[in-house]
Amino acid sequence: MAQRYWLMKSEPTMFSFENLKKSPHQTTFWDGVRNYQARNFLRDQVKKGDGVLFYHSNVEPMAIMGTAKVVQEGYPDHTQFDPKSNHYDSDSSPANPRWYMVDICMDEEFKSPVSLNVLKKTKGLEGMELLRKGTRLSIQPVTEKEWNIILKLGLGSVKK
DNA sequence: GCCAACGTTGGC
DNA sequence: GCCAACGTTGGC
């Protein structure tokens, strides 16, 4: 299976790219997704080695801050079983888990974060899911073409 | 199975 | 802070 690319949204007040950078081994589990479409992506399609664009939503500036790599494929999100978690789901059980998560490891920090404004103005990104009005999916597929354009913008012209 | 009410997301 | 868009819930 060819490598795939994804965009993951996070509100930096909850978990920022900086937080990821400072995590042990710069790795974290991506918990709290409670949307069926997003769950299906996490459970069925996100694979080890896939690329992730890390997007900050709901803040100034809204932007893609950098990239990460999937290091652990979909497995049950343990916070759904924890009554103290605000992601607790009383209808889910370890025998029949409803929600899944993946682990991601920081890859590249963008020299210049790619803001929503820039994304909107960039040729070739017109079809991005993120730019569609009313899109609320916290994980979205990104095409290889889009991925390459965005990496170029974020890392500068010097491609490593 | 429909749909109104409600809660959440997220850009502005 | 506002509100449009969307998903979920629950009464019928």
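The analysis underlying the following values was restricted to heavy atoms, covering all of them including side chains, and did not include hydrogens, waters or symmetry mates. Chain letters run A, B, ... following the sequence lines, proteins first, then strands; residues in each count from 1.
For the side chain to side chain contact (heavy atoms under 4.5 Å, CB included) criterion with Ser57(A), the lone passing option out of Met8(A), Glu11(A), Arg136(A), Met14(A) is Glu11(A).
Counting to the nearest Å, the C1' atom of dT9(B) and the CG atom of Leu137(A) are 11 Å from each other. Between the C1' atom of dC12(B) and the CG atom of Leu130(A) lies a distance of 15 Å, rounded to the nearest Å. Protein atom CZ of Arg98(A) is 10 Å distant from nucleotide atom P of dT8(C), rounded to whole Å. Taking atom OH of residue Tyr36(A) and atom C1' of nucleotide dG7(C), one finds them 11 Å apart after rounding to whole Å. Nucleotide dA4(C) holds its C1' atom 14 Å from the CZ atom of Arg132(A), rounded to whole Å. Note: CD (Glu11(A)) to P (dG10(B)) measures 7 Å, nearest angstrom. Rounding to whole angstrom units, CG of residue Leu131(A) and P of dT9(B) are separated by 20 Å. One atom, CG of Asp91(A), and another, C1' of dT8(C), lie 12 Å apart when rounded to the nearest Å.
Interatomic distance, CG of Asp31(A) versus OH of Tyr100(A), reported as 15.5 Å (0.5 Å rounding).
No close placement of the Phe54(A) and Trp6(A) rings is indicated, their centers lying 6.0 Å or farther apart.
Distances were taken from every side-chain heavy atom of Asn35(A) (C-beta onward) to each of dC12(B), dG7(C), dG11(B); the shortest belongs to dG7(C). For Arg136(A), the side-chain atoms get nearest to dG7(B) when compared with the rest of dC12(B), dG7(B), dG11(B). Side-chain proximity of Lys133(A) to dC6(C), dC12(B), dA4(C): nearest is dA4(C). Nearest to the side chain of Ser57(A), among dC6(C), dG10(B), dC12(B), sits dG10(B). The side chain of Lys120(A) sits closest to dG11(B) out of dG11(B), dA4(C), dT8(C). Picking from dC6(C), dC12(B), dG7(C) the nucleotide with the shortest atom distance to the side chain of Gln37(A) gives dG7(C).
A salt bridge links Arg98(A) with Asp89(A): the closest approach of a Lys/Arg side-chain nitrogen to an acidic carboxylate oxygen falls below 4.0 angstrom. A salt bridge links Arg34(A) to Asp77(A): one of the charged nitrogens lies within less than 4.0 Å of a carboxylate oxygen.
At dG11(B), one or more side-chain N or O atoms of Tyr55(A) fall inside 4.0 Å of OP1 or OP2 (strictly under the cut-off).
Both Gly134(A) and Asn58(A) lie close to DNA chain C; mapped to their nearest nucleotides by heavy-atom distance, the more 5′-ward contact belongs to Asn58(A).
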